[in-house]
Amino acid sequence: MSDHTPILFPDDGPRATPGLVFVACAAEGGGGGGGAATQGRRREVVVSGRRVRTVDIHAHCAVPAANALVGRTIETDALLMADTRTRLRAMDEQGIDVEALSINPFWYPAERDVAEQVIRVQNEKLAEICATQPDRFVAFATVALQHPDLAVTQLEEGIKKYGLRGVSTGGSVNGLELADPKFHPFWAKAEQLGVLVFIHPQGTAELERTGRLAGNGLLTNTIGNPLETTIALSHLIFEGTLDRFPGLKICAAHGGGYLPSYAARSDAVQTTFPKRMTGTLKKRPTEYLRQLYFDSIVFTPEALRHLAAEAGSGQIVMGTDYPFPWTSTSVDHILGTPGFSDADKIAMLGGTAQALLKIPG
Ligand SMILES: [Zn+2]
């Protein structure tokens, strides 16, 4: 689709420009909101005559100095933030105003003192990046969850000292589920601070060891990642973590993996095998999906429609997975999915994320 092409959608309520959803372009020459000069044009997303500040909840980056502390190299230079011109160009082309940066955890095996350094270096750098271009970047704090008491301190410091807007985690920690009681202090602190926890999977290491995900298709990632998210969320529900910390704000990557697409089975097991329920939940398992947030990386209009049917459109936040090119059309995916009101689209494109991440309107 050209940036200049108006897109028409069925109207579903009174508004200033009924049914018309369009995108416009603005020249971006280093002034305005662009920070560092970016070549090309910046796509501005407009819905019902209203400019929408779009937010990408799922954007990766890396801090090489932190990786070096544990002898790791960076997966791809596209993760680096030393020169953000390429990243900003992609954001401008895709109509992404703000990226919420996160770093996938590689430090979970690290001993306490090293983990402490890794997180300090990372969170300081993330704060610095965001301060340089505050209109384009916010970031999730990193924490050393393998040392839960340390993670609690790092979370509080990340939010209060460094001004980060939430916290990111993996889908498990050295083989332990996020629902493990060991992590209750972390969840308690996240709930107390009212910050968003972004859960990003790192595959299913246990299956990788068996070789079942080997072969063609990068199954370790293709299905291993969403599978880990499915397992993590299921335990958070069934082990009662979400009952224990009802105020938690959690966003799961990749549309929550497979859980929302087969959610009703989690209700059905309660009546099919009642004796296998080792704890009592306050709600039906599927009801918890309506308090979780999910990114929009589900690829098709039908998948997005279904996710909204299970979780509510107000629980969906746009994601891109930048710099990994799973998609470059996240804005159009939301704009082009039938059945959403303009208010729904505005919420998914950025409104909900803005509120969660305390990004000014
Ligand atoms: Zn990702």
Side-chain angles (χ1 to χ4, degrees), residues 54-64 66-67 72-81 84 86-87 90-91 94 96 98-108 122 126 129 137-143 145 164-173 178 196-205 208 213 217-233 250-261 292-300 303-304 307 315-331 333-334 348 350 353 356-357:
T54 60
V55 179
D56 175 6
I57 204 86
H58 186 158
H60 296 285
C61 71
V63 175
N67 289 57
R72 283 182 62 106
T73 53
I74 304 295
E75 192 176 353
T76 164
D77 285 352
L79 289 165
L80 302 176
M81 298 297 291
T84 55
T86 302
R87 183 181 291 259
M91 291 167 68
Q94 294 178 27
I96 307 294
V98 182
E99 273 188 354
L101 299 165
S102 55
I103 301 175
N104 275 354
F106 55 85
W107 54 87
Y108 287 166
Q122 270 176 175
L126 286 169
I129 292 162
F137 300 117
V138 296
F140 290 100
T142 57
V143 296
L145 257 188
L164 302 172
R165 306 299 174 84
V167 57
S168 58
T169 75
S172 60
V173 183
L178 295 176
L196 185 65
V197 181
F198 180 60
I199 299 178
H200 191 291
Q202 295 176 284
T204 43
E208 288 177 31
L213 299 179
L218 189 61
L219 300 189
T220 51
N221 184 323
T222 307
I223 62 171
N225 271 11
L227 181 58
E228 163 143 282
T229 303
T230 307
I231 295 169
L233 295 181
I250 293 175
C251 178
H254 317 117
Y258 302 122
L259 189 59
S261 58
L292 298 171
Y293 296 89
F294 303 93
D295 77 23
S296 63
I297 309 177
V298 293
F299 302 102
T300 66
L304 193 60
L307 182 57
Q315 304 304 114
I316 300 174
V317 285
M318 185 171 65
T320 69
D321 226 334
Y322 187 89
F324 305 102
W326 287 102
T327 177
S328 60
T329 54
S330 293
V331 167
H333 183 202
I334 290 168
M348 286 185 270
L356 289 169
L357 301 173

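All heavy atoms count here, side chains included; hydrogens, waters and symmetry mates do not. As the structure lists them, so they are numbered: ligands from 1, and atoms in each ligand from 1.
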Practice task
On the 0 to 90° scale, with breaks at 30° and 60°, tag the H58-H200 ring pair as parallel, tilted or perpendicular.
Solution key: perpendicular
Handout entry: Polar protein atoms (N, O or S) that approach the Zn ion (ligand 1) to under 2.8 Å
Key = H58 NE2, H60 NE2, H200 NE2, D321 OD1
Exercise for the section: Could you tell me whether the side chain of T84 and the main chain of M81 form a donor-acceptor pair under 3.5 Å? Expected result: no
Exercise for the section: Consider only side-chain N and O atoms of Q122 and T142, and report whether a donor and an acceptor are under 3.5 Å apart. Expected result: yes
Exercise for the section: Sequence neighbours left out, what passes side chain to side chain contact (heavy atoms under 4.5 Å, CB included) with D77? Give chain and number order. Expected result: L80
Problem - Donor-acceptor pair, side chain of S330 and main chain of G319, under 3.5 angstrom - result: yes
Exercise for the section: Decide if the gap between the ring center of H60 and the ring center of Y322 is smaller than 6.0 angstrom. Expected result: no
